[in-house]
Amino acid sequence: MALAVVTATPAEATPGLVPAADREVVFTADGTTAYGTLHLPKHRAGQRLRAALLLPGSGPTDRDGNQPPGSAPDTLAQLADALDRDGIATLRFDKYGTGRTGLGAYQDHPEELDYPAFVRQARAAYESLRDQPETDPHALLVVGHSEGAMTGLLLGGTVRPRPTGLALVQPQAIRQLDLVALQLKTQIAEATRQGQYTPEQQRAVNAAIDAAVTSLREHRPVDTTDLPPAIAQLFEAFQGPNARFVESNDAVYPPDTAAALRPGTKVLLTCGTNDAQVPCATTNALTTALCHAHAGGPGRVALPGVDHLLHDADHPTTLAPPVLDALRRFARH
């Protein structure tokens with residue numbers, strides 16, 4: 001039998017130094033087993049590491065920040081790599097409806113899955129990260145992207161021990177339906193600029209969007225008569241199996257949650273100047289609320305040329321340099 005020859009990496013060859021590695025982590029929330037990846041950077045044996053919980057954006061976004069098969073930007077996997085450079089361990093997980101976790105206890109009644117269930121699942125993940133033997137429970141961070149940033153903000157004011165820092169990356173910073181309406185109106189404005197609608201038609205569609213949001217909030221059927229087909233389908237979906245989730249998500253106004261943060265909690269809030277989904281202006285009220293809550297820096301950081309998936313024109317598949325710079329400031333602040 002031939003003997004295998006193992007060549008040690010420099011990290012492995014250094015006495016007392018543990019090489020970087022990934023480990024599968026399993027935890028339970030509300031009767032559902034969730035699966036995640038704990039990434040440990042290179043560290044000294046026995047060292048307790050700073051550690052960050054990574055939270056994905058909306059929709060069926062898995063632990064890596066992907067929505068297979070159509071979208072694979074690896075947003076969370078790349079955030080984990082970036083934080084590794086500053087010696088920060090990370091936990092990212094497959095939330096409900098994604099990856100190995102799937103729908104779990106909601107498999108037979110997905111219409112009952114609401115936003116608070118996702119927050120409870122994220123809290124269980126935070127507790128799992130806290131209890132890992134390599135992590136320092138008093139040096140925990142939460143890094144959330146888009147909707148995940150709103151979830152992270154809710155965790156920041158409720159979990160124990162409180163996180164020492166929050167990175168709110170392109171955050172959902174206003175109520176969900178207000179954000180959807182803003183996005184849709186922006187799309188209609190661009191279509192009008194291109195001649196697809198007259199100004200009068202644009203005003204009619206905008207009014208129909210506002211009426212649809214009001215109907216949803218008042219639990220009335222949405223009148224889709226004056227809505228373009230694609231927008232009509234979106235609002236019809238909001239009244240279907242997703243109704244409970246949409247209603248409970250829309251009930252959260254992120255600026256109101258900032259008051260529960262521990263004063264001095266360091267907070268990074270990013271907004272990309274090319275982010276059509278979360279325009280910088282939507283973060284104004286949250287930025288003000290964080291100041292009133294006496295959150296620490298680095299505060300709001302505008303990312304020139306960066307889109308919602310943290311790319312720019314020169315980096316269409318990787319984190320743009322302004323994103324990396326902002327994370328570095330957060331990690332070292």
Side-chain angles (χ1 to χ4, degrees), residues 11 16-29 34-56 62-65 74-95 99 101 118-145 148-149 151-169 171 261-262 264-270 295-298 319 323-324 326-333:
L17 198 62
V18 180
D22 287 338
R23 182 168 75 228
E24 186 84 349
V25 169
V26 179
F27 60 91
T28 302
Y35 299 84
T37 299
L38 177 70
H39 175 77
L40 298 169
K42 180 175 64 178
H43 62 283
R44 298 187 307 276
Q47 178 184 1
R48 288 283 190 147
L49 299 165
R50 289 188 297 161
L53 175 65
L54 307 186
L55 297 172
D62 65 19
R63 73 179 80 181
D64 290 332
D74 284 329
T75 308
L76 294 194
Q78 292 180 9
L79 286 172
D81 288 342
L83 292 168
D84 170 275
R85 301 170 199 175
D86 283 297
I88 298 174
T90 54
L91 174 62
R92 58 192 198 272
F93 64 95
D94 293 330
K95 68 177 182 178
T101 301
F118 287 87
V119 178
R120 292 192 299 273
Q121 188 184 50
R123 181 177 294 111
Y126 182 89
E127 293 168 352
S128 177
L129 178 62
R130 176 198 65 195
D131 296 340
Q132 297 300 315
E134 298 90 350
T135 62
D136 181 349
H138 302 292
L140 298 179
L141 307 167
V142 177
V143 178
H145 176 242
T151 303
L153 191 59
L154 288 166
L155 290 187
T158 58
V159 293
R160 294 290 185 278
R162 299 289 178 88
T164 60
L166 301 174
L168 310 177
V169 183
L261 295 180
R262 183 180 62 187
T265 302
K266 68 177 179 180
V267 177
L268 166 69
L269 188 162
T270 71
L319 300 183
V323 178
L324 296 173
L327 287 172
R328 194 173 301 115
R329 287 175 57 187
F330 172 70
R332 300 177 183 178
H333 196 275

Quick check: does any side chain N or O of [X] sit under 3.5 Å from a backbone N or O of [Y], one acting as donor and the other as acceptor?
| X | Y | value |
| --- | --- | --- |
| Arg50 | Asp86 | yes |
| His138 | Asp136 | no |
| Thr151 | Val119 | no |
| Arg162 | Gly157 | yes |
| Asp94 | Arg63 | yes |
| Lys42 | Leu17 | no |
| Thr135 | Leu49 | no |

Supply the atom-to-atom distance [X] [atom1] to [Y] [atom2], rounded to the nearest 0.5 angstrom.
| X | Y | atom1 | atom2 | answer |
| --- | --- | --- | --- | --- |
| Arg130 | Leu91 | CZ | CG | 12.5 Å |
| Gln132 | Leu140 | CD | CG | 11.0 Å |
| Ile88 | Arg332 | CD1 | CZ | 9.5 Å |

Legend entry - Test side chain to side chain contact (heavy atoms under 4.5 Å, CB included) applied to Thr90 and Leu79, step by step: CA-CA 9 Å; Thr90 54; Leu79 286 172; over 6 Å; no
Inset, instruction - Evaluate the criterion side chain to side chain contact (heavy atoms under 4.5 Å, CB included) for residue pair Asp81 and Leu319; output intermediate values, then yes/no. - result: CA-CA 10 Å; Asp81 288 342; Leu319 300 183; over 6 Å; no
Legend entry - CZ (Arg120) with more than 12 external heavy atoms under 6.0 Å: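 Check passes, neighbour count above 12.
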Legend entry - Sole candidate of Thr37, Asp62, Asp64 that passes side-chain hydrogen bond (donor to acceptor under 3.5 Å, both in side chains) when paired with Arg92: Asp64
